[in-house]
Protein chains: 2
Amino acid sequence: MTRKRDDDSKTNCPVESALGVLGGRWKGVVLYWLLKGTHRFGELRKRLPNCSARMLTLQLRELEEDGLVKRTVYPEVPPRVEYELSAFGRSLEPVLRGLHDWGDKYKSRLRRAA
Amino acid sequence: MTRKRDDDSKTNCPVESALGVLGGRWKGVVLYWLLKGTHRFGELRKRLPNCSARMLTLQLRELEEDGLVKRTVYPEVPPRVEYELSAFGRSLEPVLRGLHDWGDKYKSRLRRAA
DNA sequence: CAGTATCCCCGTGGATACTG
DNA sequence: CAGTATCCACGGGGATACTG
């Protein structure tokens with residue numbers, strides 16, 4: 001799911017705003033891994049086996065646009081690109097931890113994984 | 001965005017599990033309104049002007065399946081149906097508040113609403 | 001009132017091939 | 001290595017009409 005940007009322009013609900021920016025199909029996981037430290041593109045790919053390169057790129061670009069993630073390109077051969085949380089991105093840490101902890105609780109309660 | 005259920009079966013990331021259950025297109029807002037108290041179907045519709053009846057129904061059904069929301073049908077004419085958070089749903093409160101508060105911060109920082 | 005049933009469009013995202 | 005480009009299938013979700 002990729003989420004439209006104008007969602008809460010009418011609902012005006014901050015919860016929607018927040019989910020709009022971190023609710024993308026792979027953003028939660030990406031953000032959570034970046035919480036643990038800087039990652040290269042290929043590293044993130046390994047963390048997200050179900051996410052295509054295309055999708056990972058798109059999600060990362062959106063996170064970058066939203067100012068949550070900083071992208072650094074090292075002018076080397078072969079190229080190296082690193083992703084890390086911006087200061088603003090790090091402000092999401094408590095929220096992400098909240099989601100993470102609740103997710104654990106949820107997992108132990110619900111057994112509906114495919 | 002409607003989110004697949006088998007997502008974290010491979011990523012095994014609790015953040016994904018959590019977003020899988022509350023990351024649906026309208027779930028955040030619905031949950032947030034239900035945090036404020038019981039609502040009838042029609043009331044929720046008014047809270048979510050951009051959400052079609054069909055979509056609202058689908059989202060509510062999923063929330064119900066996931067055990068976050070309780071649905072009560074009153075055998076009256078005309079029919080009355082009320083939605084409220086289950087105990088499990090209420091366990092999400094801190095997370096929702098976290099999203100809400102961060103959303104405020106986000107809104108004051110980003111001006112990219114349509 | 002609180003939905004369900006149908007039809008149908010188009011955006012999301014997979015697969016594949018290619019490049020600086 | 002870290003992407004981009006292109007093509008294409010699928011299903012999410014809107015609009016509309018109908019019902020207990």
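Below, all heavy atoms of this structure are taken into account, side chains as well, without hydrogens, waters or symmetry copies. So you know, we letter chains A, B, ... as the sequences are listed, proteins then strands, and number each from 1.
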At under 4.0 Å between heavy atoms, which parts of nucleotides 14-20 of chain C does protein reach? Answer with one letter per nucleotide, 5' to 3': B base, S sugar-phosphate only, - none.
BB----B

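- The interatomic distance linking A:Arg80 (CZ) with D:dA2 (P) rounds to 9 Å, in whole Å.
- Rounded to the nearest 0.5 Å, atoms CG (A:Leu99) and CG (B:Leu22) are 6.0 Å apart.
- The interatomic distance linking A:Gln59 (CD) with D:dT4 (C1') rounds to 17 Å, in whole Å.
- In this structure, the side chains of A:Asn50 and A:Trp26 come closer than 4.5 Å at one or more pairs of heavy atoms.
- No continuous path of hydrophobic side-chain contacts links A:Tyr83 to A:Tyr74 [ILVMFWY only; heavy atoms under 4.5 Å].
- Residue A:Tyr83 contributes atom OH, which lies 11 Å from atom C1' of D:dC1 at whole-angstrom precision.
- By the 4.5 Å heavy-atom criterion applied to side chains, A:Leu85 and A:Val69 are counted as neighbours.
- Between the axis at the start and the axis at the end of the helix from C:dC1-D:dG20 to C:dG20-D:dC1 there is an angle of 60°, using five pairs per end and rounding to 10 degrees.
- Across every non-hydrogen atom of B:Arg25 and B:Gln59, the tightest pair is N-OE1, 3.4 Å.
- For the pair A:Arg47 and A:Val29, the minimum side-chain heavy-atom distance is 4.5 Å or more.
- Side-chain atoms of B:Leu48 and B:Leu56, non-hydrogen and from C-beta on, do get closer than 4.5 Å to each other.
- As rounded to whole Å, 11 Å separates atom P of C:dG3 from atom CD of B:Glu82.
- Taking a 4.0 Å limit (strictly below) on heavy-atom distances, residues 70-78 of chain B does not reach DNA chain D anywhere.
- Salt bridge absent: A:Arg61 and A:Glu65 never bring a charged side-chain N and a carboxylate O closer than 4.0 Å.
- Salt bridge A:Arg97/A:Glu93: present, at least one basic N to carboxylate O contact under 4.0 Å.
- At whole-Å resolution of the value, CD in B:Glu62 and C1' in D:dG13 are 12 Å apart.
- Transitive grouping of hydrophobic side chains (ILVMFWY, heavy atoms separated by less than 4.5 Å) brings B:Leu44 and B:Val73 into a common cluster.
- Computed from coordinates, the A:Lys46 NZ to D:dG3 C1' distance equals 15 Å when rounded to whole Å.
- We find that CG of A:Leu58 is positioned 14 Å from C1' of D:dT6, with the value rounded to whole Å.
- In this structure the side chain of A:Tyr32 never reaches within 4.5 angstrom of the side chain of B:Leu19, judged on heavy atoms.
- The nearest whole Å value for the distance from the CZ atom in B:Arg61 to the P atom in D:dG13 is 17 Å.
- Between C:dA2 and B:Arg45, no contact under 4.0 Å exists linking OP1 or OP2 to a side-chain N or O.
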